[in-house]
Amino acid sequence: MTWIDIAWPMMVAASLTLGLIHLRIWFRQRTQPAQLMFSLAAMCVGTLAAVELLAMRAETPPQYATMVRWTQPIFASLFVLLVLFVRERFHAGRPWLAVAACTLRLASLLPNFLTGANLHFRNIVELARPEFPGNAVPAGDPNPWMVLALLSDLLLVIFLLDAMVTAWRHGNADQRRPAILVCGSMAVFVFFFGAWTALVVLGAVQGPLTVTVAFFAMLLVMSHELGGDAMIALQLAQQLADSESKLRVSEQRMRLAAQAAELGMWTWDLETNETWFTETGNALLGLEPGALLGLERFLERVHPEDRTAVLRAQDVAPGGEYACEYRLLQPDGGVRWIAAKGRVDHARPGTHRLIRGMILDVTAWRQAEERFRLVVDGAPIAMLMVDGDGRIALANAQAESVFGYSRAELLGQCIDMLVPKHPRERHAGNRAKFAANPQARAMGMRRHLFGRRKDGSKIPVEIDLNPILVADTLYVLASIVDISERLRIEREAAVQRDELAHLSRVALLGEISGSLAHELNQPLTAILSNAQAALRFLGRESPDLGEVRESLVRIVEIDKRASEVIRRLRAMLRKEHINHQELEINEIVEDVLRLINSDVANRNVTVILELASDLPTIRGDRIQLQQVLLNLVINACDAMDEMGAGRTLTVRTRCAPGPAIEVSVSDTGCGIPPENLERIFTPFVTSKTEGMGIGLAVCRALIRAHGGNLWATNNPSRGATLHFVLPSAHADPPDPA
Amino acid sequence: MAKAAGTVIVYIIDDDDSVRDAFARLLRAAGLIPRPYGSAERFLEEVSDSPHACIVLDITMPHMTGPEVQVRLNDRHVALPVITVSARDDEETRAWARSLGARMFLRKPIDDQALLDAINWVTGGSYGQ
């Protein structure tokens with residue numbers, strides 16, 4: 001028993017095992033013929049080793065020769081398998097070299113079986129059994145046909161080198177290494193095996209005629225190479241498993257997140273019209289978990305008005321977006337708003353479309369939106385929200401009715417279309433100014449603003465502007481009130497007030513008729529007496545013409561005075577349009593007191609005038625202001641009727657902030673009960689026994705129409721004071737009323 | 001009668017200059033002696049009782065009420081007849097005139113004859129015309 005007896009059977013076993021393993025791998029992966037070729041090659045090596053072992057244990061030269069002869073077909077098979085393996089594995093090596101090498105090797109089988117003892121020996125003379133390796137070593141005449149075998153070996157080596165070079169040139173780094181390793185080692189082993197065989201046959205060296213060791217080593221190299229593939233496959237498998245588990249984790253996360261956000265995910269196959277929902281999705285639809293729902297049944301649950309929208313939304317090209325909102329009918333009769341969003345896609349490239357997406361219950365949001373809409377629409381004023389470019393982003397129902405446009409006609413349009421033509425040019429500039437300094441304010445100081453209706457008519461409006469910041473975009477909310485009706489009522493009220501003022505003036509004249517009679521009768525008296533005196537002087541025997549002339553001069557003077565009284569009286573009674581002009585308040589005070597002087601005197605009232613000089617002028621109607629003052633003076637005198645001595649009327653004028661002037665009329669009567677300080681300005685409330693008590697109400701209305709105010713206070717000592725203020729002529733003009 | 005005519009003195013008290021002057025001129029033309037005063041106070045300072053005299057008092061004057069004038073006249077023992085006149089003719093003025101104890105109340109404007117008759121009557125027919 002030599003070491004060969006141990007080593008060779010081990011090689012047989014190992015080769016066959018490798019062959020079987022790779023055969024099994026090939027069975028699993030039919031797409032890799034290299035595995036099959038390697039498997040067959042390994043089995044060939046195993047068989048070769050077994051036959052070689054028998055040859056080395058041969059007792060006689062003929063026995064040995066026969067064994068060697070039978071190694072040749074096995075070796076030829078191995079030869080062809082190696083060539084195929086290289087071609088298959090590396091796609092390298094010139095095919096004609098491969099064909100030539102294989103053809104020569106197969107051709108060498110003919111002399112192997114037909115000439116001499118075998119391909120290598122014509123005859124084998126003896127079998128030596130040297131001490132080492134202790135197996136049969138042939139010696140004999142070489143067979144000249146051996147040249148064929150050597151040539152085919154040489155071609156194989158060239159083929160392998162060629163394959164190596166090609167693989168080096170075309171392959172990348174991953175492919176180069178195995179190509180060089182496999183082809184290089186094959187070339188080296190084939191070369192040494194060929195050389196060794198030639199040397200043994202020619203008797204240059206004494207040794208066994210064996211190829212197994214070289215090919216077994218080759219097998220190990222190839223197996224390592226293929227095993228690398230298996231390792232890579234294993235790694236890939238591991239990575240795949242890893243990523244699958246990661247995918248599963250991320251899917252899990254996504255599902256949990258979707259659940260937490262109450263998002264339902266769904267798929268809608270547009271060909272089969274099958275729909276699929278996640279648990280949350282089913283819950284949103286009110287279905288049991290896992291229940292499947294066809295499109296038909298799904299649509300039954302959608303509000304009839306929204307069905308068309310749901311179907312129409314799917315008409316999107318692949319890659320496009322599906323978006324719609326619809327109402328779901330609830331079993332309890334309620335309605336839920338669902339927002340659906342998704343992406344239209346192909347199930348696989350080239351196949352029919354399907355939509356993957358998610359749904360969300362937006363009922364609460366919709367309700368909030370609806371509430372907002374109801375509030376905005378229910379607002380009694382027109383509201384328009386305008387973006388930075390002046391485009392209308394929101395309009396409420398009132399805005400529709402004020403401007404006569406429908407909402408669809410308003411939205412997206414420029415706000416300038418609602419502005420009359422004349423100020424429109426300025427409007428864009430004003431808008432830019434507002435955007436530069438957005439502050440809530442009344443537009444145009446609320447004066448002389450007009451809107452333009454759809455029919456082209458102008459309407460007076462009042463506008464408040466409020467800046468609103470929505471997601472970094474500046475909007476302006478304009479609140480617009482149509483004030484045509486208010487202006488009409490104000491105009492009517494002004495007419496009524498003027499009428500009332502006139503009537504109260506007439507009534508006032510009745511009250512001061514005594515005084516008026518005095519004012520007129522005094523000059524008439526003087527005229528009459530002068531005239532009669534003149535007649536008497538003329539009637540004398542020697543007429544006193546000097547006295548007559550003097551009488552006539554006086555008559556002319558006094559007549560003028562009388563006509564002045566009548567002129568003033570007419571002015572008071574005249575029903576004229578209000579004539580606003582610049583006035584000196586002191587002048588009016590003096591006029592009034594002159595008119596009522598006799599009355600005041602008659603009542604034994606002392607008048608004190610404290611008129612400030614350098615007062616600003618005021619704008620107003622002289623007659624109305626006279627009327628107010630006359631009323632206040634008469635009231636003050638009336639208030640002192642019950643007293644004995646100490647009846648004092650004080651009229652003061654002074655400057656007031658604003659700039660404005662203040663007039664106060666004080667009496668020394670019994671004052672006004674505090675609870676009546678405001679009530680006395682109510683129509684038909686009077687402390688007097690006569691009169692209708694509209695005097696103070698009318699006075700206040702007149703003063704307010706002048707942009708001022710009228711009020712009453714009690715004096716610290718005794719009596720009451722009525723005050724009124726009027727803005728100076730050069731203060732801001734009051735609201736036109 | 002004519003003899004007495006020159007002796008009748010008429011005190012005219014009226015705050016209105018033109019009326020006072022006119023009355024004075026008329027009375028002068030009628031041959032009477034007018035004594036015009038712009039205020040009751042000044043008149044009261046100067047007045048003295050005399051048989052052929054009367055007072056024409058405008059009662060629409062400030063600072064002196066009818067009873068006050070009466071009291072002041074009584075204080076001075078002046079019993080001159082008073083003819084009250086006024087440009088006003090309302091109840092208030094008439095009441096005031098009565099309260100003054102006036103013999104006559106004449107409403108302005110006053111016809112010359114009515115005034116002269118009144119003076120003639122209150123002075124006891126002491127002058128003719």
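The chains referred to below are lettered A, B, ... by the order of the sequence lines, with proteins before strands, and numbering in each begins at 1. All of these numbers come straight from a predicted model, not from anything done at the bench.
- Counted within 6.0 Å of CZ on A/Arg561, heavy atoms from surrounding residues, nucleotides or ligands total more than 12; the atom is thus considered enclosed.
- Residue A/Glu584 places its CD atom among 12 or fewer non-hydrogen atoms of other residues, nucleotides or ligands, all under 6.0 Å distant.
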Quiz item: Can B/Lys108 and A/Leu528 be said to form a side-chain contact (heavy atoms from CB on, under 4.5 Å), step by step?
Solution: CA-CA 10 Å; B/Lys108 292 180 182 174; A/Leu528 181 64; over 6 Å; no
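- Among the candidates B/Ser18, B/Ala29, B/Ser86, B/Ala22, the residue making the largest number of heavy-atom pairs closer than 4.5 Å to chain A is B/Ala29.
- Atom CG of B/Asp112 and atom CG of A/Asn530 lie 12.0 Å apart (nearest 0.5 Å).
- Atoms CG and OG1, on B/Leu26 and A/Thr525 in that order, are 11.5 Å from each other to the nearest 0.5 Å.
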Exercise. Using the side-chain contact (heavy atoms from CB on, under 4.5 Å) rule, take A/Gln532 and B/Leu116 through it: C-alpha gap first, then chi angles, then the decisive distance, then the call.
Key: CA-CA 12 Å; A/Gln532 286 175 335; B/Leu116 293 173; over 6 Å; no
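- The side chain to side chain contact (heavy atoms under 4.5 Å, CB included) search around B/Ala118 returns B/Ile83, B/Met104, B/Leu106, not counting sequence neighbours.
- Scored by the side chain to side chain contact (heavy atoms under 4.5 Å, CB included) test, B/Pro34 finds B/Ile12, B/Ala24, B/Leu27, B/Arg28 as partners (sequence neighbours excluded).
- In the displayed structure, A/Glu642 atom CD is contacted under 6.0 Å by at most 12 heavy atoms of other residues, nucleotides or ligands.
- Rounding to the nearest 0.5 angstrom, the gap separating the CG atom in B/Asp21 from the CD atom in A/Glu550 is 8.5 Å.
- With respect to chain B, the highest number of heavy-atom pairs below 4.5 Å among A/Leu520, A/Ile527, A/Asn521 belongs to A/Asn521.
- Remark: the backbone N or O of B/Arg25 is not paired with any side-chain donor or acceptor of A/Arg536 at under 3.5 angstrom.
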